[in-house]
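Take a look at the structure set out below.
Just so we're clear, the structure is a prediction, and the values are computed from it rather than from any experiment. Read the numbers this way: they start at 1 and go in the same order the structure lists the ligands and their atoms.
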Amino acid sequence: MASGPAAQAIKRWISAQSLYYESAKTALLFYVLLIQYLRAYRHVRARGPTQTISEFWQWISKKVILMALRLPSAQKKVQTEMDKARLDIEDKLVPKGAEISRHLALPAEGKPPQWILDEMTKMDVELGSHADWRHGKLSGAVYHGGDDLQKVVVSAFERYSVSNPLHPDVFPAIRKMEAEIVAMCLRMYNNPDGAGTMTSGGTESIVMAVKTYRDWAKAVKGITEPEMIIPASAHAAFDKGAMYMKIKVHSIPLDPISRKVDLKRVRRAINPNTILLVGSAVNFPDGNQDDIVALGALASSHNIGLHVDCCLGSFIVPFLEKAGLSGGENGGTKYKLQPFDFRVRGVTSISCDTHKYGFAPKGSSVIMYRNSNLRKYQYYINPTWTGGAYASPSLSGSRPGALIAGTWAAMQYMGSNGYLESCREIVGAARTIANTITASIPELYVLGSPPASVVAFASQDPKVNVLEVGDAMSKRGWHLNGISSPAAVHIACTRLTVPLVDTFIADLKDSVQEAKTAPSGKGTMVALYGLGKSSAVGPSMVGELATAFLDTLYKA
Ligand SMILES: *Cc1c(COP(=O)(O)O)cnc(C)c1O
């Protein structure tokens, strides 16, 4: 069969095949190039040309500096500095000395209850006052609902300390309480027919929402390279969730005056891979609220999710209107609250922290969805597990039923009138602080017009570094937060700070004068912020220090 029509036909077939193969290869190449081009185009479109160039420049500078730091001489210096910083952190956190008792292995025989309590008292004394937070000079951190409420929560703990909602047949009351907590929150956010679950905190609520939208978008829209769009002021939990769930994040700058996310930039960042938009009511850094109505319109026109982070605003923002603090006589137009809950078209989920201004025990939060169809994408279901068919609503498996009982108890104890009263007190304190800064501390200005409990202030006087002000406040016993872009300091008012408003203002005025006339340059806020901004590798260095800090937490 060396020649003849059959051989000709085979040859033709082979050459056709190879032509086919060649064009398939070319097509594949074009496909890959197109995908890469689309990716780059969408990235640049979302970031804008200026930000893209600046990010690229940062990236190059970082590479160059990192290369330079690899030189042996530089490396030694960096190592020495880092070791010093690490020791500093350790000195601050871990008590030293032979007199400190350490319990590094299980005692052979169990200890009597009295010994245990005595040992805790000893630790409190050795390590500095446990009741330190009671002086109230804190931003956020302790959301105390009063001693009587505390007692109710502790009794609920005691009663349900062994319960676990993973076994609703064994603990039916816990199941009922969790369902009721979710129902109460859904009503508070005007979606009685919606759905939700409890979680261990705001971070878990947010991470679960991110997972829900990822799985929803994959199942319903076939999206395999998901992206989400968040305001620069969104809580770090969104980044954390995106990192865990492998989702690309576009962080959108804020309007410098209103501190709301720039809607034009949000619109530009939306593409067919977008699964989720985010807005806050209110945000952590400066306590302002995004334009939820406009974000909702964008989300619904693109058929994507809109999560409203109400973690910090929960049990405060829903009561502002009733408290007469949203515009009107007492609020004026300045602190006017805009719609933020499920009544806004396009809002598909809301995270609400019971463990902040709900005064529930730490470790409790609620994630809510517009409907139960969306909620099911949050679930984890494994019908074929060797250990038996397995289903759990959120990240945890076993969960503390005691926390659910404590949360239920706190909400019943407070009632909506209790929360209304605490909203009045707390927001009243925040408004007094904001108004006083605006009226009588000319060196500072308030970021945006925060409607709820958080006030952030920055400097408008070149002679005053606001982080110096923050450090001067720490010397006066205040634990405040430093924030960046712009450098500012914030306080989240709580019931503990309400009686201290006058002290805060007096201390703030003194601190501004101190920062102006005798800046120390040595405080923690100045040091950390200075390091972060020092060069392109500043953030990596801060990252190293943060890692050392976390390591230190586990030094027994
Ligand atoms: C506190 C907070 C969260 C969640 O934080 P957790 O510490 O995990 O409860 C989320 N968003 C905002 C705006 C917050 O203030």
Of the protein's non-hydrogen atoms, which lies at the shortest distance from atom 4 (C) of ligand 1, and what is that distance?
Gly202 CA, 3.4 Å
Do me a favour and list the nearest non-hydrogen protein atom to atom 7 (O) of ligand 1 with residue, atom name and distance?
Thr203 OG1, 4.3 Å
Any carboxylate oxygen within less than 4.0 angstrom of a Lys/Arg side-chain nitrogen, looking at Asp193 and Arg370?
no
Can you confirm whether Glu321 is buried at CD, in the sense that more than 12 heavy atoms of other residues, nucleotides or ligands lie under 6.0 Å from that atom?
no
Determine, stepwise, if the pair Tyr189 / Phe342 fulfils ring pair (Phe, Tyr, Trp, His ring centres under 6.0 Å).
CA-CA 6 Å; Tyr189 287 90; Phe342 283 109; 7.4 Å; no
Show me which atoms of ligand 1 lie under 4.0 Å from any heavy atom of [X].
X      : answer
Phe284 : 13 (C), 15 (O)
Asp353 : 4 (C), 9 (O)
Val282 : 13 (C)
Ile206 : 10 (C)

For atom 2 (C) of ligand 1, the option (of His235, His355, Lys356, Lys240) bearing the nearest heavy atom:
Lys356
Counting heavy atoms only, which part of Asp309 comes closer than 4.0 Å to ligand 1: side chain, backbone, both or neither?
side chain
Give a yes/no verdict on a cation-pi contact between Arg495 and Phe359, requiring under 6.0 Å between NZ or CZ and the six-membered ring centre and an angle within 45° of the axis.
yes
Any chance the rings of His490 and Phe284 have centres within less than 6.0 Å?
yes
For the student: nearest non-hydrogen atoms of Leu325 and Arg424, plus distance
CD1-CA, 4.0 Å
